[in-house]
Amino acid sequence: MLELSNHELQILTDIENVETTVPVNNHAKFIHSHKPENDDIPLDFEEKLIKKVASVMSVPTEVVYIKLTCGDRMYHNGSRGPMMFLDMNTVGKFNETNNPEYTKQFMEFLTENTNIPKNRIVIHYHDASAHEYGFWRRAPDYKYSQYYSA
């Protein structure tokens with residue numbers, strides 16, 4: 001099992017709102033507290049997480065971005081023990097209906113791939129607006145034209 005310590009993981013995924021055909025984005029940030037080392041995170045953690053986020057959010061992996069930052073100090077429920085905070089932004093995906101299923105899937109993945117118990121993981125969902133993101137995506141780097149930037 002992976003034990004995360006003082007880590008911040010930021011995931012950005014860009015998705016398309018099919019109803020309006022306007023490219024939209026997701027952003028997520030995982031923060032975990034304890035030691036400031038990066039040694040306890042396997043080299044393939046980001047790849048596994050990208051696949052999970054893409055699967056849960058129904059987007060190709062090429063539009064998922066992850067940022068991992070180590071060294072954050074966190075305090076939760078009377079403890080400085082290991083914990084993780086997932087801060088996630090997207091356009092048109094998060095709502096009262098969808099969020100419980102997203103939580104279930106992310107919690108399952110995180111507890112299976114880390115030593116962090118569910119009661120030490122917090123997820124905060126933000127519904128964002130497409131105009132809040134800027135990016136450049138074109139062929140040949142991106143194969144799905146529906147995710148090209150304007």
Side-chain angles (χ1 to χ4, degrees), residues 1-19 21-72 74 76-77 81-130 132-137 140-149:
M1 281 283 198
L2 163 69
E3 182 179 324
L4 293 179
S5 303
N6 274 343
H7 301 295
E8 175 181 328
L9 181 56
Q10 186 173 27
I11 305 168
L12 304 163
T13 65
D14 301 316
I15 61 173
E16 179 177 342
N17 182 330
V18 178
E19 294 176 8
T21 65
V22 175
V24 294
N25 303 315
N26 289 343
H27 156 270
K29 181 190 306 181
F30 287 93
I31 305 170
H32 178 275
S33 71
H34 213 349
K35 301 174 195 168
E37 293 110 24
N38 199 20
D39 297 338
D40 56 355
I41 298 190
L43 293 176
D44 66 345
F45 182 70
E46 291 94 323
E47 288 85 348
K48 288 179 182 178
L49 190 54
I50 281 175
K51 290 175 184 174
K52 184 61 178 181
V53 170
S55 172
V56 170
M57 304 308 293
S58 300
V59 297
T61 57
E62 73 176 3
V63 297
V64 177
Y65 307 88
I66 291 184
K67 175 188 172 194
L68 175 62
T69 305
C70 302
D72 289 336
M74 296 177 63
H76 172 67
N77 197 23
M83 70 166 291
M84 183 175 284
F85 184 88
L86 166 58
D87 191 25
M88 196 169 212
N89 296 303
T90 190
V91 177
K93 289 264 188 178
F94 295 141
N95 57 51
E96 290 179 48
T97 303
N98 295 341
N99 293 357
E101 181 59 29
Y102 294 150
T103 299
K104 178 182 173 188
Q105 293 183 58
F106 286 124
M107 288 286 193
E108 182 179 310
F109 173 84
L110 294 169
T111 56
E112 287 176 1
N113 289 277
T114 70
N115 284 330
I116 303 170
K118 288 180 183 179
N119 68 333
R120 299 292 295 166
I121 299 173
V122 177
I123 302 175
H124 185 194
Y125 299 105
H126 305 273
D127 191 39
S129 298
E132 296 178 287
Y133 298 91
F135 52 87
W136 179 258
R137 280 197 303 273
D141 299 318
Y142 296 91
K143 60 184 172 184
Y144 299 100
S145 61
Q146 71 266 34
Y147 297 105
Y148 289 176
S149 53

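All values derive from a computational prediction rather than experimental measurement. Numbers here simply count residues along the sequence, with the first being 1.
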Heavy-atom pair with the smallest gap, counting every atom of Arg120 and His76: NH1-O, 2.7 Å

Backbone of Met57 reached by a side-chain donor or acceptor of Lys93 within 3.5 Å: yes

Distance, nearest 0.5 Å, that separates CD of Gln146 from OH of Tyr148: 9.0 Å

From Met88 atom CE to His124 atom NE2, the distance as rounded to the nearest 0.5 Å: 12.5 Å

Side-chain donor-acceptor contact under 3.5 Å, Ser149 with Tyr142: no

Ring geometry between Phe94 and Tyr102 (parallel below 30°, tilted from 30 to 60°, perpendicular above 60°): perpendicular

Nearest-0.5 Å distance that lies between atom NZ in Lys48 and atom CD in Glu112: 10.5 Å

Student check: side-chain heavy atoms of Met74 and Met84 closer than 4.5 Å: no

Check: Arg137 and Tyr144 side chains under 4.5 Å, non-hydrogen atoms: no

Verdict with reasoning, Asn98 to Tyr125, per side-chain contact (heavy atoms from CB on, under 4.5 Å): CA-CA 11 Å; Asn98 295 341; Tyr125 299 105; over 6 Å; no

Chi angles and distances behind the side-chain contact (heavy atoms from CB on, under 4.5 Å) call for Phe106, Val53: CA-CA 8 Å; Phe106 286 124; Val53 170; 3.8 Å; yes

Over all atoms of both residues, closest heavy-atom pair of Pro60 and Ala54: C-CB, 4.1 Å

Crowding at CD, Glu96 (>12 non-hydrogen neighbours, <6.0 Å): no

Side-chain heavy-atom pair Thr111, Ile121 within 4.5 angstrom cut-off: yes

Between CG on residue Leu110 and CD1 on residue Ile123, distance to nearest 0.5 Å: 6.5 Å

Shortest non-hydrogen separation from Asp141 to Glu62 and the atoms involved: O-OE1, 3.8 Å

